Each structure stands twice: as C-alpha cells, then as structure tokens.
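All figures in this text were calculated on a predicted structure; none of them were measured in a lab. Atoms within a ligand are numbered from 1 in the order they appear, just like the ligands themselves.
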Amino acid sequence: MSHAIVACHMQYASTTSDENTRIIFKEKIHVDKVEIRLVRLPLKEPFETSFGKIDSRLIFLVSVEADGLRGWGEVVAAEEPRYSYETVGTAFHVIRDFLGPALMSQPLASLSELARCFAPFRGHNMAKAGLELACMDLLARMTNQSLSARLGGTRSRIAVGVSLGIQPRPAQLLERADRYLSLGYQRIKLKIKPGWDVDILEEVRQFHPDILLSVDANSAYTLDDKEHLKRLDDFNLLMIEQPLEHDDLLDHAQLARELATPICLDESITGLRQANKALEIGSCRMINIKVGRVGGYLQALAIHDLCYSKGVPVWCGGMLESGIGRAHNIALASLPGFTLPGDISASSRYFARDVIVPEVDVAPDGTVNVPCGSGLGFDVDLDYIKHCSETVEVLNRKNAKP
Ligand code: NPQ
Ligand code: MG
C-alpha cells in the first residue's frame with residue numbers, strides 16, 4: 001500500500017513539479033482586455049450557514065483576452081463580508097482600479113510573474129484568483145490543452161460530496177441527506193453552529209450510521225466550547241472543518257490535541273505560509289483548498305504539493321460557484337493529492353440553469369467527469385450570462401495595438 005503511494009508520488013513529481021510546465025507559459029501573454037461582470041443567479045433553495053442565509057448568488061465573472069482568445073475566471077466573493085472580508089464590491093473596485101491595470105501593464109511568462117505583478121497589493125485573494133483563473137483558462141486554450149492537463153491532473157473522474165445548509169427543522173435536513181445520498185454523493189457535510197450540532201448529528205447518524213459524514217462550523221465556536229466540541233467525537237466524523245476563529249492557528253492546535261476527530265482548516269489557510277505553519281504546529285490534519293481563498297492556482301498547487309509530500313489529505317472546497325468556477329474546481333481536484341471528496345456538486349444542486357454547457361453533473365457513483373476539451377472544457381453560455389447580468393465593465397490596455 002505505502003509502496004503504491006510512493007510510486008504514484010514519484011511519477012507525479014517527475015512529470016509536473018520539476019520544470020513546472022504547469023506554471024511557466026510557452027509564450028508570454030499580454031492581456032489587452034479584461035471584462036468584469038456581475039450575474040445574478042437565483043438559488044433553488046436558500047443556503048444557510050453559521051454566518052447567514054442567502055436566496056440568490058451574485059456571481060462575479062472575469063474574462064481576459066489576448067491574441068484573439070478569451071479565458072474565463074470567477075471571483076468567489078459573496079455580497080456580504082461574512083465568510084471573508086472580501087465582497088463582490090471590494091473585488092470589483094480592486095480589479096478595476098488596481099489588479100486589472102497591473103495585469104495589462106506587461107507581458108507575462110509564468111504564473112509566478114503574474115503573482116509578482118499582484119504582490120504589491122495586499123490581500124484581496126479572491127480578486128487576484130479571479131484574474132489568475134481567467135489567465136490560466138486562456139493559456140490552456142492557447143496550447144489547446146485541458147486545464148486539468150495543464151495543472152498536472154491525474155484523474156479522469158473526481159469524487160464529490162455535498163454541503164447541506166442549516167435547515168428550519170431537522171426533518172428537512174434528513175430529507176436532503178437522503179436525497180443527495182440517493183443521487184450518489186459520496187460524502188455529506190453538515191453546516192453546524194451552537195444549537196444545531198450534536199442533536200442533528202444524532203438524528204443523521206441514527207439513519208445513516210456508516211456514511212462519510214463531516215461538519216463545518218465556519219468559525220462558530222471558541223476554545224470555551226472545547227468540552228462541547230469533544231462530544232462531536234462520538235459521531236465518527238471524517239473531519240470538523242474550521243471550528244474556531246478564521247485567523248487563528250494556535251487555538252486550533254490546542255483544540256486538535258484534545259479531539260480524536262481530525263480538524264480540517266478552511267478560512268485559516270489563506271496561502272502556503274499558513275498551510276506550512278498549520279501543519280508545523282498541528283492545527284489541522286486536513287486542508288480544504290479553495291483557489292479563491294488562497295489567491296489562485298499558484299498558491300493552491302503549492303499547498304497541494306506540500307500536503308502531498310507530507311501525506312496530508314486535501315480536498316477542493318466550494319463557494320456556490322457558477323459553472324465557470326465549478327469547472328476550475330474540477331480541474332484542480334483532478335490532482336493526485338485530492339484524495340477526499342470535494343464540495344463540487346452538480347450545477348443543479350444550486351441552480352435551475354447554469355452558465356456553462358453542458359452543466360456539471362454527478363454520476364450515480366458520486367463522481368464528476370474531468371473534461372478533456374481545451375481550457376475549461378465547457379462552453380460558456382454568453383447569451384444566458386448577458387440575460388442575467390446586472391453590471392458589466394470593460395477594461396482596455398492603454399497601449400494596445402488597434
Ligand atoms: C465553506 N461553502 O466551505 C463554504 C462557505 C460558504 C459549500 O459549504 C455565498 C458565497 C454564500 C459563498 C456560504 C460551502 C456562501 C459562500 C457559505 C461560502 O465554508
Ligand atoms: Mg468551510
């Protein structure tokens with residue numbers, strides 16, 4: 001068993017990280033147009049977490065153009081600064097006034113050059129990631145490769161789970177758990193908060209004693225709740241995601257020493273430095289990787305590689321993305337270190353209609369296909385995007401050739 005893992009690791013290391021073909025561009029790209037667009041998609045049902053409830057998702061789409069080709073990305077920020085301080089509004093401002101102009105100011109030869117061009121601007125990882133994702137799609141299209149191939153993906157199908165929001169009543173949660181299990185989803189994640197934790201776990205476990213089950217608190221507890229959180233050890237959970245403060249690694253390390261259930265960090269891991277420190281001091285045993293939260297693929301790949309080298313499992317998180325963000329997540333989750341089911345549901349989990357064709361669907365075995373087509377591997381439905389758009393702004397390069 002361990003030999004198989006080592007052999008797979010060797011092959012992965014030699015095909016991808018050495019010359020880093022996945023992050024160095026064959027030709028320099030000089031973006032001459034950036035389009036930012038806000039698209040409102042209604043949610044099929046409200047989504048509630050420990051920090052609030054939403055009925056629709058204002059999706060932030062980014063496209064970049066160079067050499068007559070267009071790449072697509074998504075800024076995963078929400079409308080309100082709850083999951084993170086970034087919002088759709090802050091990202092719009094930061095891309096329009098700082099990151100967009102910086103991106104178009106010079107030709108770029110690698111993802112590291114792109115990162116250096118954004119580095120003078122502190123924070124705003126989701127805004128940075130949106131542009132970087134669009135550039136990566138453009139780049140993959142230029143070389144006629146799939147995003148997955150470009151990133152060093154090794155899977156043709158990825159395992160997926162579903163995140164179930166806080167419900168008005170436990171019966172509604174049980175109904176949704178049944179529904180998604182019968183659709184094949186391999187893991188159920190329950191959003192929890194004080195007052196919606198032990199009791200609902202008891203109910204869910206009563207009907208589903210053996211499923212892969214995890215919980216996500218989105219920072220709803222503090223170390224004062226330690227004794228209460230220890231009760232979660234009774235439910236054979238795959239992990240407890242982000243129980244404590246969004247920016248605290250030490251408290252999580254302290255909690256981890258007293259819990260049998262592995263802690264997984266989401267909000268706290270905003271880049272490779274935080275991932276390194278968290279693993280060093282024992283804040284978590286698993287990491288949820290979101291390209292938006294960490295500022296793009298370069299950081300996501302670095303965190304993946306770090307965890308892979310240490311045998312720490314990672315999985316791809318979700319931010320209620322449209323098909324464009326979803327397609328990027330699928331490509332990322334095709335990397336070998338993504339050994340746990342991701343929060344990558346079918347488009348129909350959230351939306352009546354998605355902005356890509358075909359939509360993302362989940363097979364009865366709880367997997368999603370990794371497309372082989374160029375770039376995202378899905379068609380972008382511009383007509384539907386335009387139909388749902390609330391705001392559009394186009395940024396042009398100052399010294400662009402006419
Ligand atoms: C998480 N996502 O893992 C996030 C949190 C989250 C699928 O559980 C609007 C935009 C609302 C982004 C609610 C899932 C959101 C959001 C929750 C992200 O912590
Ligand atoms: Mg989370």
Side-chain angles (χ1 to χ4, degrees), residues 38-61 74-91 125-127 129-130 160-167 173 176-177 180 185 187-193 196 213-221 237-247 252 262-270 274 278 283-284 286-294 314-322 324-326 329-330 332-333 340-347 349-351 360 362:
L38 304 182
V39 178
R40 188 168 301 275
L41 297 183
L43 290 178
K44 280 173 138 181
E45 60 178 36
F47 189 74
E48 182 172 346
T49 66
S50 62
F51 51 74
K53 181 169 164 178
I54 58 165
D55 302 290
S56 67
R57 182 77 169 98
L58 189 59
I59 298 284
F60 190 139
L61 297 181
E74 181 167 336
V75 175
V76 299
E79 286 172 82
E80 299 184 358
R82 297 184 188 272
Y83 170 87
S84 83
Y85 66 81
E86 288 190 84
T87 67
V88 161
T90 65
N125 281 352
M126 294 175 181
V160 301
V162 67
S163 171
L164 299 181
I166 293 163
Q167 306 292 324
L173 183 66
R176 279 157 187 78
Y180 291 103
Y185 286 87
R187 179 228 63 199
I188 300 278
K189 164 171 131 181
L190 307 178
K191 290 295 195 177
I192 58 166
K193 65 176 181 184
W196 185 267
L213 184 65
S214 67
V215 293
D216 184 356
N218 290 110
S219 300
Y221 301 89
L237 299 175
L238 181 61
M239 68 187 81
I240 301 173
E241 186 178 338
Q242 197 71 40
L244 310 178
E245 277 293 295
H246 72 97
D247 59 354
H252 280 103
I263 289 178
C264 172
L265 288 178
D266 174 355
E267 284 90 327
S268 295
I269 307 298
T270 51
Q274 291 78 6
S283 312
C284 64
M286 298 167 176
I287 292 179
N288 161 337
I289 300 182
K290 291 175 179 166
V291 278
R293 195 192 64 229
V294 303
V314 302
W315 54 283
C316 183
M319 292 289 287
L320 284 65
E321 293 90 347
S322 79
I324 290 174
R326 212 163 281 274
N329 288 345
I330 292 168
L332 181 67
L340 296 167
D343 275 345
I344 306 173
S345 326
S347 304
R349 151 77 179 93
Y350 294 110
F351 310 114
V360 174
V362 173

Using a strict cut-off of 4.0 Å, indicate which atoms of ligand 1 neighbour a heavy atom of Asp266. 1 (C), 3 (O), 19 (O)
Got a donor-acceptor contact below 3.5 angstrom from the Glu241 side chain to the Met239 backbone? no
Closer than 3.5 angstrom, by distance alone: can the side chain of Gln242 be matched with the main-chain N or O of Leu244 as a donor-acceptor pair? yes
Could you tell me if any non-hydrogen atom of Gly317 lies under 4.0 Å from any atom of ligand 1? no
Lys191, any N or O under 3.5 Å of ligand 1 N or O: yes
Would you find a donor on one side and an acceptor on the other, under 3.5 Å apart, between the side chain of Arg293 and the backbone of Asp266? yes
For the backbone of Ser322 and the side chain of Arg57, can you confirm whether one donor and one acceptor N or O come within less than 3.5 Å of each other? no
Just by distance, no angles: are the side chains of Asn329 and Glu321 close enough, under 3.5 Å, to form a donor-acceptor pair? yes
Which is the closest N/O/S atom of Asp266 when seen from the Mg ion (ligand 2)? OD2
Ligand 1 atoms nearer than 4.0 angstrom to some heavy atom of Phe47 are 8 (O), 13 (C), 17 (C)
If hydrogens are left out, which of Gln242, Lys53, Lys290, Met319 has an atom nearest to atom 1 (C) of ligand 1, that is, the closest non-hydrogen atom? Lys290
Would you say Gln274's side chain and Ser268's backbone share a donor-acceptor pair under 3.5 angstrom? no
With a 3.5 Å distance limit and no angle check, can you tell me whether Ser50 reaches the backbone of Lys193 through a side-chain donor-acceptor pair? no
Tell me: protein heavy atom nearest atom 19 (O) of ligand 1, and distance? Asn218 ND2, 2.8 Å
When distances are taken from atom 15 (C) of ligand 1, the protein heavy atom at minimum range is Leu320 CD1, 4.1 Å
If we only consider heavy atoms of Glu241, is any one of them less than 4.0 Å away from an atom in ligand 1? yes
In terms of atom number and element, which parts of ligand 1 are under 4.0 angstrom from non-hydrogen atoms of Tyr350? 7 (C)
Ignoring hydrogens and angles, tell me if any N or O in the side chain of Asn218 forms a donor-acceptor pair with the backbone of Tyr83 under 3.5 Å. no
Below 3.5 angstrom, do we get any N/O pair linking Thr49 and ligand 1? no
Under 4.0 Å to a heavy atom of Ile54 - the qualifying atoms of ligand 1, by number: 9 (C), 11 (C)
Quick one: report the N, O or S atom of Asp216 that is nearest to the Mg ion (ligand 2). OD2
Indicate if the distance from the Mg ion (ligand 2) to the nearest N, O or S atom of Glu267 falls below 2.8 Å. no
Counting non-hydrogen protein atoms only, what is the nearest one to atom 6 (C) of ligand 1? Give residue, atom name and distance. Phe51 CZ, 4.0 Å
Would you mind listing which atoms of ligand 1 come within a distance below 4.0 Å of any non-hydrogen atom of Ala78? 9 (C), 10 (C)
For Glu79, is there an ion pair with Arg40 - N to carboxylate O distance below 4.0 angstrom? yes
Under 4.0 Å from any heavy atom of Lys189, which atoms of ligand 1 are there? 1 (C), 3 (O), 8 (O)
Minimum-distance atom from the Mg ion (ligand 2) among N, O or S atoms of Glu241: OE2
N or O contact, Gly318 vs ligand 1, cut-off under 3.5 Å: yes
Whether the side chain of Glu86 engages the backbone of Ser84 through a donor-acceptor N/O pair (distance < 3.5 Å, no angle test) should be reported. no
Can you spot which of Arg349, Lys189, Lys290 makes a side-chain hydrogen bond (donor to acceptor under 3.5 Å, both in side chains) with Asp343? Lys189
Could you go through the side chain to side chain contact (heavy atoms under 4.5 Å, CB included) check for Ile269 and Asn288 one step at a time? CA-CA 8 Å; Ile269 307 298; Asn288 161 337; over 6 Å; no
Based purely on interatomic distance, does Arg57 place a nitrogen or oxygen under 3.5 Å from a nitrogen or oxygen of ligand 1? no
Could you say whether the N/O atoms of Ser163 and ligand 1 ever approach to under 3.5 Å? yes
Backbone N or O of His246 within a donor-acceptor pair of the Glu267 side chain at under 3.5 Å? no
